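One structure is given here, and the rest of the page talks about it.
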Amino acid sequence: MQASATSEGDRLLALQELTKTFGSLRACDGVDLDIRPGEIHALLGENGAGKSTLVKMLFGVLAPDGGEIRWKGSPVAITSPFEARQLGIGMVFQHFSLFEALTVAENIALSLDETVSIARIADEARSLSQAYGLPLDPFAHVADLSVGERQRIEIVRTLLQKPELIILDEPTSVLTPQEADRLFETLETLRGEGKSILYISHRLDEVRRICDRATVLRHGKVVAACDPRAETVASLAGLMVGGEVATVTNSPNAGTDQALLEVAHLSLPSRSPFAVTLRDIDLTVRRGEVLAIAGVAGNGQSELFDALSGEVLAGTPDVIRIGGAAVGQKGITQRRLLGAGFVPEERHGHGAVSQMRLSDNMVLARHRSDAGTFLAGGILKVLKRGAIAKAAARVVDAMDVRKSGDDPHASALSGGNLQKFIVGRELDRKPVLLVVNQPTWGVDAGAASRIRQALVDLARSGSAVLVISQDLDEIFEVAHRIAVIHHGRLSAPEPAASMSRERIGLLMGGAAPDGASPGPGEAADAH
Amino acid sequence: MRIELEKRPERSKLFSILSPFIALGLTLIAGAILFLSLGKNPVEALFFFFIDPLLYGWSLHELAVKAAPLILIAVGLSVCFRSNNWNIGAEGQFVMGAVAGSVIPVVFHEWQSLLVLPLMMISAMLGGAAYAAIPALLKARLNTNEILSSLMLVYVAQLFLDWLVRGPWRNPEGFNFPETRNFNASAILPEIVDGGRAHFGLVFAIIAALLTWFMMRHTLKGFEIAVLGQSQRAGRFAGFSAARMVIFAFLFSGALAGLAGISEVSGAIGQLRPVISPGYGFTAIIVAFLGRLNPLGIVAAGLVLALTYLGGEAAQISIGVSDKVARLFQGALLFFVLACDTLIHYRIRIRRPAAAGSAIADARPQAETN
């Protein structure tokens, strides 16, 4: 009895044989995991390995089918996020849920379980943010904040609940390197206070840097529990995918002189107070090359994507040319018919409809370009379910999309698998031009390397690829030329080989390229 | 204590199917309690309300007469609601359709031809669609709230009809009653079987339901409606126009409501009167939801709601309660349908007030005190 008390006493949380099945898929299959007080514990695994399912069970969003959760030694049933918070489990989600028009303090107030005055929240938030090195103005409007600052709101909001275990889902996927460093300092402070952190990330060097222990999931099972510091990035990746992760192989710039996408003096006023104005953007993507656009989130990337895809029309036709045709005033369908493919940043509700099946999501982007195969009945446009299902199956095969069931809803797929499907849907058409915004946002190492390789291969086969990304590693892996977007203005693209991280970092921060005089648009900034 | 709705992680397939039936059952229970509190025998009352009208040939005909407009309108509304357009003004489109369809039999009352009926139907659909185009254009162009504009236009349509039958269209041989001329024989929608009251409106309704079901289920248009209803952004990515969908959905439902209007006037009434609908356009909203926005489900739901109209009359005659009881049943049914649907997506959670010393007070980090 004494012995068991002490062995339980050094565990904050212990999972035994935790199991969750969806239909025939065992998303979590007898998972054992224990977290000690004052440790940063990494949870690693590919997409679909069961990480999200496991975390959802811990946070009371899903009910386990079997097994036991022990909190400080005694078994608990966590049936809602509220109960999880009451126990002392806090969670910082990968996708923020903040109201842009409200202030930081107001956003925090909305998330609390009881009514507290804004002034008091502002007070608490300020002292918390000072104590943990999370500089944050409680009265700033969320719309004015960077992604890193928004994440701080989520963290502060979680800390206010006084958790003993904090779950962080992919926290650095949206941060600049400097912001990530600051986050690590905060995590170390928290660890110093004896709080435990369950850290979910695909960035293995980060895991090696800050995590004390790691549990690796594969196909719903724990395949390894290890000390990440004793492992290499390659060995961790190997544990995750059950083999070696393919490194992306890129060939030197094979770009020819034939421009497939030309943008000349593209300026677009912002459509809402929270959107970015695009200013005088010039770029050319040639056959056979990958052009990457780096930049911190919220500097006009989505606005640029919308303008390129035709979801928002540019001012005049010849501002944007695809394969030489002036398309500035043409919609997305006409641009697709010219051979362009588009992959937006947001998977749910933009690139895919969550509550629709994969085969329906196939139709979403290709009902016009593949009308001959997908539609019958002339003007009636009757959907040919068989042909559509076949095309969806082809994409699933080609991109190794893991799913449960024959034709599941898009919402049933993990982020990375849905992303593989959405990218594969475009690749399957062999597009002449592919524009991708954040191709591997929240996607694990295995899926990310597959997607990046596919982009590189597409360029090699003679298409033009434009990648908009916040991930510098990704950019250096795939790009032949790199430009940086800042406040809706794009720097001149330069060969990747001559770009350094420092230089990109400076451009991302808005520094004018050395030697260059401020552009003509600078005057417009003044007001 | 605080009561909250919390989203269910998974919703039950079984209960999604059972939901309308549970709602029906709960409505019956609520009805029984209501009759009991009125001092009536609830079993007898419910019998007269829901069973008795099904026992006679003539009342089955009457059921078909009442179900036809409900189904026609609700089928149109299902397309609107699925595309996330909230047309609440079907009652007005019903009235304006009836007015537009009545131009020939009232103004050109001597013209007798086989062409009369088809032309009446077409002009009624155009009239209903044109009237629905008003809130649609306002929404598509000016981003007005279509719930308010379509609802308010109902009253405009009703007053317009009232003015017509009292003023310019009043029957010169009608002893000053506010009615138009009786339609001549070639402007009367024929009965399905000779000697019965049920007219071809029910056939239109079933054809409309089948065609709409096919459109929603098997065509790109149906896909477009579903996509735009779920996510405008994904719809734009697919190259579909949300503004054009607003127009399409309203014109579609307006046309069907207009067809329902002229079918009622030409099939069941035979002339225009100040009031031509016992609220079909509003009851059809309940039909659409009870039928789970599925055109085939709407056929069944339309019959159920038609029964409440008959039951109201029957109950008034046989047990002496007001026929307003029918409205009560309809309201209760909508309430229970929506409540059941809500509980499929959410669960109710009762929260105790947090223990003394709220979480925020304890949240001061140790780092600060150290």
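Bear in mind the structure is a predicted one, so any value in this text is a computation, not a measurement. So you know, we letter chains A, B, ... as the sequences are listed, proteins then strands, and number each from 1. Excluded from the calculations below are hydrogen atoms, water molecules and symmetry mates; all remaining heavy atoms, backbone and side chain alike, are included.
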Inset, instruction - Taking all heavy atoms of B/Ala238 and all of A/His367, pick out the closest pair and write down the distance. - result: O-NE2, 2.7 Å
Legend entry - Minimum heavy-atom distance B/Ala234-A/Ala352, with the two atoms named: CB-O, 4.4 Å
Legend entry - Proximity breakdown for A/Leu383 and chain B, heavy-atom pairs closer than 4.5 Å: both
Legend entry - Contacting moiety of B/Arg217, where chain A heavy atoms sit under 4.5 Å: backbone
Legend entry - When B/Arg347, B/Arg233, B/His218 are compared by non-hydrogen pairs under 4.5 Å with chain A, the top option: B/Arg233
Inset, instruction - For B/Ile348, look at atom CD1 and say whether over 12 heavy atoms of other residues, nucleotides or ligands are found less than 6.0 Å away. - result: no
Inset, instruction - Name the option with the most non-hydrogen atom pairs under 4.5 Å to chain B; the candidates are A/Thr333, A/Asp360, A/Leu62. - result: A/Asp360
Legend entry - Side chain / backbone / both / neither for A/Arg385 at chain B, heavy atoms under 4.5 Å: side chain
Inset, instruction - Return each pair, listed once, that meets ring pair (Phe, Tyr, Trp, His ring centres under 6.0 Å) where at least one residue sits in residues 340-366 of chain A; pairs must be two or more places apart or across chains. - result: A/His350-B/Phe237
Legend entry - Enclosure of B/Tyr346 OH (heavy-atom neighbours >12, cutoff 6.0 Å): no
Inset, instruction - For residues A/Gly349 and B/Ser231, report the shortest heavy-atom separation together with the two atoms involved. - result: O-OG, 2.7 Å
Legend entry - side-chain contact (heavy atoms from CB on, under 4.5 Å) evaluation trace for A/Lys381 with B/Phe223: CA-CA 10 Å; A/Lys381 298 191 179 170; B/Phe223 178 74; over 6 Å; no
Inset, instruction - Measure the spacing between CZ of B/Arg236 and CG of A/Asp306 and express it to the nearest 0.5 Å. - result: 5.5 Å
Legend entry - chain B contact via A/Ser411 - which portion, at a heavy-atom distance below 4.5 Å: neither
Legend entry - A/Glu345, CD atom: more than 12 neighbouring heavy atoms under 6.0 Å: yes
Legend entry - Interchain contact, A/Arg336 with chain B, by part (heavy-atom threshold 4.5 Å): side chain
Legend entry - Heavy-atom neighbours of A/Lys330 NZ exceed 12 at 6.0 Å: no
Inset, instruction - Evaluate the side-chain proximity of B/Leu220 to A/Arg368: yes if any heavy-atom separation is below 4.5 Å, no if none is. - result: no
